[in-house]
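One structure is given below, encoded as structure tokens.
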Amino acid sequence: MKVFNWIGFSILILFALVLIVAAFAPSRVEMKASATINAPDSVVFGMVNNLHAWEQWSPFAEGDSTMENQFHGPDAGVGAQMFWTSKKQGDGMMIITRSEPYRRIVFALDFMKNGQASSEWIFEKQGKGVKVTWSTTVEGLSYPMGRIMGLFMNGMMQDSYERGFKNISSICEEGM
């Protein structure tokens with residue numbers, strides 16, 4: 001009987017620790033990565049600014065045969081919209097809310113039942129190439145599970161950022 005009491009008490013303490021950690025975890029998480037791509041800034045910018053081009057390089061579409069995209073509005077620039085459905089990754093949409101040629105692109109992201117986020121791409125010319133910084137910000141993480149997940153989001157996104165940069169680099173540098 002003492003063993004069951006000890007196990008029950010341990011579970012209770014663990015549950016309380018999770019709730020305490022979540023209480024102090026931020027409700028806002030920013031994830032960021034950068035890479036230098038050896039291609040003209042106009043070419044790299046075009047791959048991100050044109051939502052139809054995302055199907056060629058997006059790390060989220062790789063290996064997901066269930067993903068289907070629909071596009072609305074212009075192909076590129078402010079107002080361009082992409083809606084996706086996926087059994088693996090869930091449904092969502094993104095819209096370009098700001099597009100400053102060869103400098104910056106801002107997206108509003110809506111993951112439907114899983115919340116909203118924003119994404120920003122910064123392009124800085126460096127010699128014959130361009131340094132690209134891709135960041136994603138998630139705000140309003142719910143207590144307690146959203147905040148606990150937020151502690152791991154940056155690590156989970158790094159692989160996606162790296163694969164995306166690798167894919168864009170391959171496409172853009174191939175034409176050089």
Side-chain angles (χ1 to χ4, degrees), residues 26-64 66-86 88-142 146 150 153-154 156-176:
S27 63
R28 178 184 189 275
V29 175
E30 182 179 7
M31 300 148 284
K32 185 184 289 191
S34 295
T36 300
I37 299 173
N38 296 314
D41 56 354
S42 60
V43 172
V44 179
F45 181 89
M47 290 300 294
V48 179
N49 197 49
N50 185 326
L51 297 184
H52 293 271
W54 280 63
E55 293 180 310
Q56 298 175 49
W57 65 263
S58 172
F60 308 110
E62 281 181 335
D64 188 349
T66 70
M67 184 173 276
E68 293 182 23
N69 297 324
Q70 291 184 346
F71 302 92
H72 299 282
D75 291 344
V78 174
Q81 300 174 35
M82 181 170 73
F83 294 80
W84 67 87
T85 56
S86 169
K88 289 183 179 181
Q89 300 183 55
D91 302 341
M93 62 116 9
M94 67 179 178
I95 181 170
I96 298 177
T97 59
R98 190 169 186 167
S99 179
E100 302 169 20
Y102 321 130
R103 294 184 45 224
R104 180 177 180 217
I105 304 170
V106 179
F107 295 87
L109 302 165
D110 187 346
F111 301 109
M112 306 306 169
K113 296 176 185 174
N114 296 315
Q116 298 179 338
S118 61
S119 184
E120 181 176 47
W121 291 71
I122 302 293
F123 304 85
E124 300 172 77
K125 192 170 178 73
Q126 292 190 336
K128 293 182 180 179
V130 60
K131 178 183 176 190
V132 182
T133 301
W134 179 6
S135 66
T136 305
T137 303
V138 180
E139 297 193 40
L141 293 170
S142 63
M153 282 182 184
N154 198 34
M156 293 185 314
M157 279 296 294
Q158 288 306 310
D159 180 59
S160 296
Y161 287 145
E162 289 173 18
R163 286 185 295 128
F165 285 138
K166 180 182 175 190
N167 295 345
I168 290 175
S169 293
S170 294
I171 293 168
C172 293
E173 292 173 2
E174 199 172 275
M176 300 300 296

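Fair warning: this is a prediction, and the values are worked out from it, not measured in the lab.
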Between the main-chain N or O of [Y] and the side-chain N or O of [X], is there a donor-acceptor pair closer than 3.5 Å?
| X | Y | answer |
| --- | --- | --- |
| S119 | S135 | yes |
| R104 | I122 | no |
| T97 | V106 | yes |
| E173 | N38 | yes |
| N49 | F45 | no |

Can you give me the closest heavy-atom contact between [X] and [Y], atom names plus distance?
| X | Y | result |
| --- | --- | --- |
| D64 | Q89 | OD2-NE2, 3.1 Å |
| A76 | N50 | CB-CA, 3.8 Å |
| A39 | V44 | CB-CG2, 4.0 Å |
| S34 | T133 | OG-OG1, 2.8 Å |
| W134 | G164 | CZ3-CA, 4.3 Å |
| K32 | N154 | N-OD1, 3.8 Å |

Using the test ring-ring contact (aromatic ring centres under 6.0 Å, His included), find all partners of F83 that sit at least two apart in sequence or belong to another chain. H72
Report the residues that fulfil ring-ring contact (aromatic ring centres under 6.0 Å, His included) with F71, sequence neighbours left out, ordered by chain and then residue number.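 If we apply the ring-ring contact (aromatic ring centres under 6.0 Å, His included) test to F71, skipping adjacent residues, the hits are H52.
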What's the spacing between [X] [atom1] and [Y] [atom2] if we round to 0.5 Å?
| X | Y | atom1 | atom2 | result |
| --- | --- | --- | --- | --- |
| D41 | K125 | CG | NZ | 4.5 Å |
| S169 | E162 | OG | CD | 11.5 Å |
| I37 | C172 | CD1 | SG | 6.0 Å |
| Q158 | Y161 | CD | OH | 7.0 Å |
| Q116 | E139 | CD | CD | 10.5 Å |
| E120 | R98 | CD | CZ | 8.5 Å |

If you count heavy atoms of other groups shown closer than 6.0 angstrom to NZ of K166, is the number above 12? no
Other residues, nucleotides and ligands only: do more than 12 of their heavy atoms fall within 6.0 Å of CZ on R28? yes
Side-chain heavy atoms of [X] within contact of [Y], under 4.5 Å:
| X | Y | value |
| --- | --- | --- |
| W84 | M94 | yes |
| I96 | L51 | yes |
| M31 | T137 | no |
| V48 | I168 | yes |
| M93 | M82 | no |

V132 and T36: side chain to side chain contact (heavy atoms under 4.5 Å, CB included), yes or no, with the steps? CA-CA 6 Å; V132 182; T36 300; over 6 Å; no
For F107 and W54, run ring-ring contact (aromatic ring centres under 6.0 Å, His included): C-alpha distance rounded to whole Å, both residues' side-chain angles, the deciding distance at 0.1 Å, then the answer. CA-CA 13 Å; F107 295 87; W54 280 63; 5.5 Å; yes
With no hydrogens and no angle check, do the side chains of Q56 and N167 hold a donor and an acceptor under 3.5 Å apart?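 Checked: Q56/N167 side chains show no N/O donor-acceptor pair below 3.5 Å.
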Considering residues at least two apart in sequence or located in another chain, which fulfil the side chain to side chain donor-acceptor pair (under 3.5 Å) criterion with D91? none
